[in-house]
Amino acid sequence: PASVVSPLIGLLASFLVTPAVQAQCGELAESSDMASGIVFDDLDQDGQRGSGESGVAGVSVSNGCEVVRTNADGLYEVRLAPGQILFVSQPAGYVVPVDENNLPLFFYTHYPEGTPISIAGASVEWLWPVIAPTGPLPDRIDFPLHRLSSQENRFTAHAFADPQARSDLGEDMLREDLVNTLLGNPYGAKFSITVGDIVFDNLGLYDRHKEMFGLIGIPQWNLPGNHDMNLESPDAHYATETYKKHFGPTYYSFNYGNVHVVALNNVEYFGAGQRDSNNNTYRGFISDDQIFWLERDLANVPRDKLIVIATHIPLIAEASDGDPSHHVTGPSTDNFEQLVELLRPFTNVYGLAGHDTSNSWKVEINHEHGWTGRPWIAHTLAEVRGSGWTRGPRDLRGVADAMMEDGNPNGFYLLKFDDVTLVPEFIPFPFGVDAAQRLRIVLDPELESTGDRSINRGILRTDTKVVVNLFDGDDRDRVRLSLDGAQPMPMRYVVRTDPFVERAYRRVADTQDAYPTPAASAHIWEFDLPDDLEAGIHSVVVESEDEFGQHQRGVFSFEVTGVAR
């Protein structure tokens, strides 16, 4: 009963890609059946199509390779092979239903015999529960949608990088820091997206984690990270079976307002016991199947929409202050250039990723990366778990500090969408600081104490600098400093370790509260204090404006008892 036009378009498109890409999706299609059904406006929200509930036209439905569009009556038809997951791309103006934990119900898992226990002739003992047999393909697979009362092009969402608890205690800390902060949805967000490493190898925590995050009260979208893998899998294809059991497809898209979100799985696992020449067990890589699918997904998206690419491993991570010795890089995606080619038709793009516990990065994608359109940001987010729930001193709640190696506190993001623009606001979890303060000010070197224990009081060295860590900043931000009420002066962007982190590291090294080794930060600014600064109490006011127009302000005072000569 479904439209024949959309499947034919999908079949025609399959001949327009490279043979290597076509072969992988083509092999699955050889043993496929035809799935069909309707995408409909579920007016009474009971999950069943009733009288008067019409189909929704123009909705993308995919088997992970082909993408078809529903016809004027909301009908679709697409091939579906065993081991594929059928999913719908939530259209603008609607939302998909959610389960009891606010996980989106946008897919059907077609595993007639379940996850195999024998792969390529070798038996696999799955450590964590995998997908149970789903039986024969149903006669029809319908997808209900819930219509929004109005089209919203201005809205907020949450972004979480690497919640990543490895134990129940880690989940406790995650609940205390993040879930308690967001109970009742105080920011009015429309959805959240977690960009991988939902847990830390302990996939048995998924049920508890889902229940906790469901308390936030809004749809929770997810994608897998390197710590969400079934490590006993012999290859990348079956490395996310437990993730799929709990969350569905590992790559997909959805729309909200004028935004098209694309979630990709760019963690390519080499397989149990396999390592590359650098002793890595995986790499950042977008698989051929995903490139095949994404080309077809984007073909149905208006060119003036905002495309948000969400991955776990960064697309690219780097920072430099102009000194060649200060150029630092982080993890990246090997075939980033392929993604750039697919995105060329679009004017508005933004990238979100996690994975890197050492640093948050904002890299402007421009002509240096082969991009000829409007520059966009590949943003590696500061992590919810910071450097880890086992790192750093505990506060009075028993929650670890978890400061990252670049000095960034752990925290989350409020994504502020306005039509086709995105402004990300980093919100740190407070640990002995004002939660409203988004930067840290210290002196380096510290004032030399005169004998008694002192805090920012003592003898000033002639090489002392004011050092500012503007959390989650980048070299396109402007930071200015006013000393003792004088006219604000520009601070100097540098790539270096944060002296505050260096001191914290030394203070608790070789204890159970130890921090990881400090790493060069991509968001540090310096100001040289004058050599002739008089003895007495001095004040510093730092004001910043980031590339999105957001302003931050920080204050600091210190007392000079003398100047070293």
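Index from 1, following the sequence. This structure is a prediction, so every number in the text was calculated from the model and none was measured.
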| Working for side-chain contact (heavy atoms from CB on, under 4.5 Å), residues Lys210 and Asp207 | CA-CA 5 Å; Lys210 291 189 301 185; Asp207 282 323; 3.7 Å; yes
Distance-only polar pair, side chains of [X] and [Y], donor-acceptor under 3.5 Å:
X: Asp197; Y: His355; result: no
X: Thr134; Y: Thr109; result: no
X: Asp356; Y: Thr380; result: no
X: Glu66; Y: Asn63; result: yes
X: Glu232; Y: Tyr238; result: no
X: Tyr251; Y: Asn265; result: no
X: His312; Y: Asp228; result: no
X: Asp472; Y: Ser360; result: yes
X: Glu318; Y: Thr329; result: no

Minimum heavy-atom distance [X]-[Y], with the two atoms named:
X: Arg385; Y: Trp389; value: CB-NE1, 3.3 Å
X: Arg79; Y: Met34; value: N-SD, 3.6 Å
X: Ala35; Y: Leu80; value: CB-CB, 4.0 Å
X: Val130; Y: Lys245; value: O-CD, 3.3 Å
X: Phe346; Y: Pro302; value: CE2-O, 3.6 Å
X: Ile141; Y: Tyr76; value: O-OH, 2.5 Å

| said: Parallel, tilted or perpendicular, judged at 30° and 60°: which one describes the rings of Phe200 and His227? | reply: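 Ring orientation of Phe200 relative to His227: tilted.
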| query | Would you call the rings of Tyr413 and His379 parallel, tilted or perpendicular if under 30° counts as parallel and over 60° as perpendicular? | reply |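 Rings of Tyr413 and His379: perpendicular, as their planes differ by over 60°.
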Quick check against the 3.5 Å criterion: does [X] have a side-chain atom that pairs as donor or acceptor with the backbone of [Y]?
X: Asp42; Y: Asp46; answer: yes
X: Asn71; Y: Gly74; answer: yes
X: Thr115; Y: Glu241; answer: no
X: Ser332; Y: Ala317; answer: no
X: Arg147; Y: Leu145; answer: no
X: Asp99; Y: Asn101; answer: yes
X: Thr194; Y: Gly196; answer: no
X: Gln90; Y: Val96; answer: yes
X: Ser167; Y: Gly170; answer: yes
X: Gln84; Y: Ala81; answer: yes

| query | Quick one: side-chain hydrogen bond (donor to acceptor under 3.5 Å, both in side chains) partners of Asp477, sequence neighbours excluded? | reply | none
| Trace of the side-chain contact (heavy atoms from CB on, under 4.5 Å) decision for Leu231 with Leu127 | CA-CA 9 Å; Leu231 299 178; Leu127 177 61; over 6 Å; no
| field | Salt-bridge present (Glu171, Arg208; N to O < 4.0 Å) | value |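 A salt bridge is absent here (no side-chain N lies under 4.0 Å from a carboxylate O).
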| said: Salt bridge check, Arg438 against Glu425: does any charged N sit closer than 4.0 Å to a carboxylate O? | reply: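 Salt bridge flag = yes for Arg438 with Glu425.
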Single hit among [options] for side-chain hydrogen bond (donor to acceptor under 3.5 Å, both in side chains) with [X]:
X: Asn258; options: Asp304, Asn153, Asp419; answer: Asp419
X: His523; options: Asp546, Asp474, Asp406; answer: Asp406
X: Arg374; options: Thr347, Asn348, Asn366; answer: Asn348

Evaluate the side-chain proximity of [Y] to [X]: yes if any heavy-atom separation is below 4.5 Å, no if none is.
X: Asn222; Y: Ile193; result: no
X: Arg344; Y: Leu342; result: no
X: Gln550; Y: Val423; result: yes
X: Leu223; Y: Thr250; result: no
X: Cys65; Y: Trp293; result: no
X: Lys305; Y: Val259; result: no
X: Val384; Y: Gln164; result: no

So does [X] have more than 12 non-hydrogen atoms from other groups sitting under 6.0 Å from [atom1]?
X: Arg154; atom1: CZ; value: no
X: Gln48; atom1: CD; value: no
X: Glu211; atom1: CD; value: no

Rounded at 0.5 Å granularity, tell me how far [atom1] in [X] sits from [atom2] in [Y].
X: Asp142; Y: Ile38; atom1: CG; atom2: CD1; result: 6.5 Å
X: Asn185; Y: Ile216; atom1: CG; atom2: CD1; result: 8.5 Å
X: His246; Y: Ile131; atom1: NE2; atom2: CD1; result: 10.0 Å
X: Thr156; Y: Leu422; atom1: OG1; atom2: CG; result: 11.5 Å
X: His369; Y: Trp376; atom1: NE2; atom2: CH2; result: 9.0 Å
X: Ser60; Y: Asn255; atom1: OG; atom2: CG; result: 8.0 Å

Strictly under 6.0 Å, is that where the ring centroids of [X] and [Y] end up?
X: Tyr252; Y: Phe87; result: no
X: Trp371; Y: Phe336; result: no
X: Phe155; Y: Phe417; result: yes
X: Tyr206; Y: Phe247; result: yes

| query | Step by step, would you call Asp201 with Val199 a side-chain contact (heavy atoms from CB on, under 4.5 Å)? | reply | CA-CA 6 Å; Asp201 295 344; Val199 296; over 6 Å; no
| field | Candidate pair Val95 and Tyr256, rule side-chain contact (heavy atoms from CB on, under 4.5 Å), full reasoning | value | CA-CA 8 Å; Val95 292; Tyr256 200 99; 4.0 Å; yes
